[in-house]
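Here is the structure we will look at.
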2 protein chains.
Amino acid sequence: MGKVLKADTDNAAAGSIDSLLGYNLKRAYMIFRDDFRNSVENAGMTPRAMSVLAQIVEMPMITQSDVARRLGIERSGLVAIIDELEKGGLVRRAAVPGDRRSQALVPTAQGHKRIRAILQQVQAHEANLLSPLNPQEQAQLLHMLRKLRHAHGNDSTP
Amino acid sequence: MGKVLKADTDNAAAGSIDSLLGYNLKRAYMIFRDDFRNSVENAGMTPRAMSVLAQIVEMPMITQSDVARRLGIERSGLVAIIDELEKGGLVRRAAVPGDRRSQALVPTAQGHKRIRAILQQVQAHEANLLSPLNPQEQAQLLHMLRKLRHAHGNDSTP
DNA sequence: TATTGTTATACTCTATAACTATA
DNA sequence: TATAGTTATAGAGTATAACAATA
């Protein structure tokens with residue numbers, strides 16, 4: 001057969017799991033997850049709590065339901081995370097004028113400081129993990145993952 | 001500020017989780033995992049069982065421990081999976097001449113047939129999921145994920 | 001001593017379902 | 001009736017620790 005796409009003949013038998021994107025996504029994800037566990041998570045912040053805090057800092061006064069939708073997770077799972085963040089003084093629940101059902105989430109000064117520090121730490125770790133790829137490849141990888149995600153909708157189907 | 005890497009200014013505030021590779025890897029992985037659940041897994045094959053079967057087909061007479069090492073999972077978790085595959089007539093345990101501790105794993109004719117069918121099915125689904133990326137991008141994505149994985153070692157650190 | 005397969009166990013993550021108070 | 005937050009519960013997925021047989 002003729003010249004197919006280069007990556008297909010890279011290394012592994014086509015028709016094996018090594019040629020499946022899903023499998024390779026999982027393995028790559030595991031590399032990053034494990035590293036996270038050995039660094040940031042030991043400092044008492046789970047990946048989820050981090051993404052939640054980041055979301056709140058990015059959009060102050062966002063409601064819990066909206067955070068859940070944006071991150072593609074369940075509302076119910078958020079409660080404990082917000083509790084924890086609030087207990088740590090990083091976030092507080094505030095009343096929403098005009099809708100007494102909702103709780104708006106506001107980052108504290110400490111929350112701002114904390115997410116900045118964590119993001120820096122994670123970025124440093126990621127730079128390390130990504131060092132096998134050159135800068136162009138790193139940018140491409142990020143670009144394509146984002147493109148995939150946005151093409152499939154930011155929030156999970158309810 | 002000057003022109004940085006294109007992907008960095010794509011869409012989201014740099015310094016948010018949307019610019020983290022780990023986060024985007026997870027979200028992309030979730031897209032593929034969810035699709036798998038709604039298709040192949042409903043036909044009675046988990047992602048793990050599939051990767052194990054594929055591995056055995058690719059390397060007949062591989063031992064359980066070696067499968068575990070290659071897939072980056074624990075030996076203990078393999079037992080139930082092999083039991084299941086064996087019960088389904090896709091694989092059988094065989095004695096290893098010269099080492100009575102090991103169990104070599106051999107695919108049956110049915111096992112061959114099954115993994116071929118499943119791989120085809122998964123590839124079709126992946127082609128669909130990947131359609132937002134052009135063929136070159138798809139190849140690049142696969143290439144970089146593989147590169148990452150192999151750079152960080154094929155097996156998880158014990 | 002180290003390794004293989006195995007079992008039993010525990011833990012993490014996350015989803016589901018049901019409730020309440022609002023709208 | 002639908003939505004927000006909450007609670008309790010259950011399930012998947014996976015790791016850890018220990019054990020017997022064998023090297």
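Proteins get letters first, then strands, A, B, ... in listed order; numbering begins at 1 in each.
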Between [N] atom [atom2] and [X] atom [atom1], what is the distance in whole Å?
| X | N | atom1 | atom2 | result |
| --- | --- | --- | --- | --- |
| B:Glu74 | C:dT9 | CD | P | 18 Å |
| B:Asp34 | D:dG13 | CG | P | 12 Å |
| B:Leu85 | C:dG5 | CG | P | 15 Å |
| A:Gln103 | C:dT20 | CD | C1' | 13 Å |
| A:Met50 | C:dC13 | CE | C1' | 18 Å |
| B:Arg69 | C:dA2 | CZ | C1' | 12 Å |
| A:Asp99 | D:dA2 | CG | P | 17 Å |
| A:Leu78 | C:dC13 | CG | P | 15 Å |

Quick check on [N]: is either OP1 or OP2 less than 4.0 Å from any side-chain nitrogen or oxygen of [X]?
| X | N | answer |
| --- | --- | --- |
| A:Arg75 | C:dA18 | no |
| A:Arg37 | D:dA15 | no |
| A:Lys26 | D:dG13 | no |
| A:Arg48 | C:dT14 | yes |
| A:Gln64 | D:dT6 | yes |
| A:Ser65 | D:dG5 | yes |
| A:Arg100 | C:dA23 | yes |

Proximal nucleotide (of C:dT6, D:dA2, C:dT16) relative to the B:Arg93 side chain: C:dT6
Nearest to side-chain heavy atoms of B:Ser102, which nucleotide of C:dT4, C:dA23, C:dT6: C:dT4
Nearest heavy-atom neighbours spanning [X] and [Y]:
| X | Y | answer |
| --- | --- | --- |
| B:Ile31 | A:Leu148 | CD1-O, 4.1 Å |
| A:Asn24 | A:Ile17 | ND2-O, 4.1 Å |
| A:Val122 | A:Phe36 | CG2-CE1, 4.0 Å |
| A:Lys147 | B:Pro132 | CE-O, 3.6 Å |

Approximate separation, where rounding is to 0.5 Å, of A:Met144 CE and B:Leu142 CG: 10.0 Å
Salt-bridge criterion met for B:Asp66 and B:Arg75 (N-O under 4.0 Å): no
Which residue lies more 5' along DNA chain D, comparing A:Ile82 with A:Arg101 via nearest heavy atoms: A:Arg101
DNA chain D: 5'-proximal contact among A:Asp83 and A:Met30 (nearest heavy atom): A:Asp83
Sugar-phosphate only, base, or nothing, as touched by A:Arg33 at under 4.0 Å among non-hydrogen atoms: nothing
Sugar-phosphate, base or nothing in reach of A:Thr63, heavy atoms under 4.0 Å: sugar-phosphate
Closest-nucleotide 5' rank along DNA chain C - winner of A:Ser76 and A:Pro47: A:Pro47
